[in-house]
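The structure appears right after this line, and notes come after that.
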Amino acid sequence: MPLLRSDTADKFIVDRRKPHRNSDVARAVRRTRDRLSQQAGSLDFDRELLKLHGRAMVVSAIAIPLLVLAVAAVGRFAGLGNQVAIWALFTLLCYTIVTFMARRVERTEAAELDPVRTRREFLIGHSLCGLGWAWFAWLGCDTCQVDQFHVAKAMVLLAAMATTAVMASSLGGALLATFAIPVAIYAYAVARLWMPIEGIMAALLVAALPFFGYVARHLNQASWMVLSFRSEKDALIAEVETAKSMSDEARRRAEDANLAKSRFLASMSHELRTPLNAILGFSEVMANEVLGPMNNPTYRDYAHDVHESGEHLLDLINEILDLSRIEAGRYQLNEEPVVLVTIVEDCCHMMELRARNKDIRVIQEFETTLPRLFGDERAIRQITLNLLSNAIKFTASGGEVRVRVGWTAGGGQYISVKDNGPGIPDEEIPVVLSAFGQGSIAIKSAEQGTGLGLPIVQGLLDMHGGEFELHSKLREGTEAIAIFPLSRVMEELPALPTKAVAARRR
C-alpha cells in the first residue's frame with residue numbers, strides 16, 4: 001500500500017508552501033482581471049455612456065443657450081432684425097428638447113434603457129440643433145454694421161463646435177450630426193462670394209470638423225476606459241467581498257469548533273484524573289511492595305514503568321486541561337497579594353535538582369525591594385516553572401540559566417529566564433508560541449515535549465493583563481520575559497490615623 005502524504009502543513013515547522021499559494025492567488029486575480037477587461041462590454045457600456053451623455057447635457061445645458069442668446073443680442077444690435085430672434089428661439093427650442101431627453105435618460109436606470117432607440121433619439125435631437133446652426137450659417141445681412149460678418153459667423157460656429165465636442169463626447173457621431181450640415185451650408189454660402197478671407201474661414205471650419213471629431217472620439221474612448229476600469233473594480237470588489245464572507249464564515253465555524261473542544265476538555269478534568277489517580281496509586285503500591293514482596297522482579301520493573309507512564313500522562317492531561325480552560329474562559333484566578341521574588345525563588349529550588357543532574361547552573365538575580373503583586377500565586381508559579389523547565393530542557397550540559405526579577409520601565413514587574421541553549425530561528429518563533437508547536441532545532445537537541453508550556457504562559461499572563469516576550473538568537477540562547485503591568489503592583493498603604501489624631505480632626 002503506497003504511503004499517503006498529508007496535505008496539511010506540519011505543525012512543527014514553518015509552512016513553506018505559502019509563497020506558492022500567494023503566487024497562485026495572484027495569477028487567479030490577474031486572470032479574472034483580464035477576463036473582465038475582455039468582457040467589458042458593448043451593450044452595458046453603451047447604456048452607461050448614454051447616461052454619461054445625458055448627465056453631461058443636463059449639467060452643461062446652459063452653455064450653448066448662453067452663446068445663442070449672446071449672438072442674438074449682438075445681431076439685434078448690429079441690425080439683423082427679427083430673423084436672428086426667430087433663429088434664436090428655434091435653436092433654443094431644439095436644445096430644450098435635447099435637455100429634456102437627457103434628463104429623462106439620466107433618471108432612468110441603466111438596465112431599463114434601450115441603447116439603440118435612445119441613441120437614435122439623441123442623434124435626431126442633435127440633428128435638429130444642427131438645423132438651427134445651419135439656419136445661422138445661411139443668415140445674411142447686407143445692411144449690417146458689422147465688418148466681416150461671415151468671419152464672425154465662422155468664429156461663432158467654431159466656438160459652438162468646440163463646446164459640443166466636449167459636451168457630447170460620450171455619444172459617438174453627435175458632433176457630426178450637429179455640424180455637418182451647418183459647415184456645408186457655410187462653405188456653399190461663402191463659395192458664392194469668392195472672397196479670400198471668407199474662403200479661408202470656410203476651409204478652417206471644414207478642417208476643424210474632423211479635428212474636433214478626433215478630440216471627441218478620444219474623449220469617448222477615455223470615458224469607455226473609465227467605465228471599464230470601474231466595472232473591473234466593482235467585479236473584483238464583489239469577488240473579494242464574497243471570499244471575505246466565506247473566510248469569515250469558515251473562521252467562525254473553526255472558532256466555534258475550537259471553543260466546543262476546549263469546553264469539552266475542560267469538563268473532562270474529573271473523568272480523566274480519577275482513573276489516573278487509581279493507576280498511579282496502585283502501581284506505586286506494587287512497585288514499593290507495600291502489601292508484600294514480589295517473587296518476580298520483572299513485575300516490579302513493570303510497576304515502576306506503569307507509574308512513570310501514568311505520571312507523564314497526568315502531566316500531559318493537566319497541561320491540556322489548563323490550556324483548554326484558559327481558552328474556554330473557565331480558568332478562575334484566585335488573586336491575592338504575593339511576593340514575586342519569593343515565588344520565583346521557590347521555583348528555582350524546585351528545579352535545582354533537575355538542573356544539577358544536567359550540570360546546569362541556575363543564576364538568580366533578584367531585586368529585593370519589590371512591593372507585593374496582586375495575582376494568582378498558583379498561576380505565577382506555573383508561569384515560572386514552565387519557563388524554567390523549558391530553559392533547563394533545551395540547555396546543553398555545562399550551560400547556565402539566568403533568572404531575574406525586577407522592575408519594568410513602566411513601573412510593573414517582570415520575570416526573565418535566559419539560557420545559552422541552541423536558540424530558535426526567527427521564522428519558527430510563531431510556531432513555538434502556538435499550541436503543540438516546537439522548533440526544529442530544539443526537537444533534535446532535546447527531549448520531546450507537548451508544546452503547551454508557552455501557550456499556557458501566554459494565556460495566564462493575558463488573564464493578569466500582562467505581556468509575554470520571547471527573544472532568541474540562533475545558537476546563542478533564548479530569553480523569555482513575563483511582564484506584569486503596573487496595575488498589579490501594590491504600593492504600601494499609609495498607616496491608619498490613631499484615635500487621638502481622629503478626635504483632633506473632628
Side-chain angles (χ1 to χ4, degrees), residues 36-68 87-136 157 159-185 208-235 238:
L36 290 171
S37 299
Q38 293 171 4
Q39 291 180 355
S42 54
L43 196 59
D44 291 336
F45 279 13
D46 284 345
R47 292 190 177 100
E48 292 294 334
L49 286 173
L50 288 172
K51 287 186 68 65
L52 282 178
H53 177 69
R55 190 176 300 112
M57 294 302 297
V58 171
V59 170
S60 57
I62 196 66
I64 297 295
L66 282 178
L67 178 63
V68 172
W87 162 79
L89 289 176
F90 175 77
T91 306
L92 290 176
L93 178 63
C94 294
Y95 275 100
T96 302
I97 293 173
V98 173
T99 302
F100 276 108
M101 291 171 55
R103 187 176 295 277
R104 177 175 58 83
V105 170
E106 185 187 15
R107 293 178 177 178
T108 306
E109 294 292 335
E112 300 176 1
L113 287 177
D114 184 0
V116 177
R117 183 173 62 85
T118 306
R119 177 183 174 83
R120 183 170 62 247
E121 291 175 355
F122 267 132
L123 289 178
I124 292 173
H126 284 290
S127 299
L128 289 176
C129 298
L131 292 178
W133 289 112
W135 186 354
F136 176 74
L157 288 174
M161 195 182 302
T163 306
T164 304
V166 176
M167 289 171 48
S169 60
S170 300
L171 181 65
L175 181 67
L176 188 63
T178 307
F179 288 98
I181 296 177
V183 170
I185 291 178
L209 185 61
F211 170 74
F212 285 123
Y214 173 80
V215 173
R217 185 168 61 254
H218 274 269
L219 290 175
N220 182 275
Q221 291 177 356
S223 300
W224 190 90
M225 290 179 64
V226 169
L227 292 175
S228 175
F229 291 148
R230 189 179 69 183
S231 175
E232 175 186 353
K233 179 198 69 175
D234 293 341

Taking all non-hydrogen atoms of both residues, which atom of [X] and which atom of [Y] are closest, and how far apart?
X    : Y    : result
T178 : A174 : OG1-O, 2.7 Å
S170 : S223 : OG-OG, 4.1 Å
A180 : L209 : CA-CD2, 4.1 Å
I64  : A160 : CD1-O, 4.3 Å
P182 : A134 : CG-N, 3.5 Å
L219 : S169 : CB-CB, 3.5 Å

Between [Y] and [X], is there a side-chain heavy-atom distance shorter than 4.5 Å?
X    : Y    : result
V105 : T118 : yes
F90  : L131 : yes
V183 : M161 : yes

[atom1]/[X] to [atom2]/[Y] distance, rounded to the nearest 0.5 angstrom?
X    : Y    : atom1 : atom2 : result
C129 : F179 : SG    : CZ    : 9.0 Å
N220 : L175 : CG    : CG    : 12.0 Å
L128 : L123 : CG    : CG    : 11.0 Å
W133 : W87  : CH2   : CH2   : 4.5 Å
E121 : I97  : CD    : CD1   : 12.0 Å
T164 : L157 : OG1   : CG    : 10.5 Å

Open item on the list: Does I181, at its CD1 atom, have more than 12 non-hydrogen atoms belonging to other residues, nucleotides or ligands within less than 6.0 Å?
Closed with: no
Open item on the list: Students often mix this up, so state it plainly: with edges at 30° and 60°, are the rings of H53 and H126 parallel, tilted or perpendicular?
Closed with: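 Plane angle between 30° and 60°, so tilted.
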TODO: Could you go through the side chain to side chain contact (heavy atoms under 4.5 Å, CB included) check for T99 and T96 one step at a time?
DONE: CA-CA 5 Å; T99 302; T96 302; 5.5 Å; no
Task: Main-chain N/O of G172 paired to R119 side chain as donor or acceptor, under 3.5 Å - done: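 Pair found, side chain donor or acceptor close to backbone of G172.
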Task: Check against side chain to side chain contact (heavy atoms under 4.5 Å, CB included), L171 and L50 - done: CA-CA 7 Å; L171 181 65; L50 288 172; 3.8 Å; yes
Task: Worked check of side chain to side chain contact (heavy atoms under 4.5 Å, CB included) between R217 and Q221 - done: CA-CA 6 Å; R217 185 168 61 254; Q221 291 177 356; 4.2 Å; yes
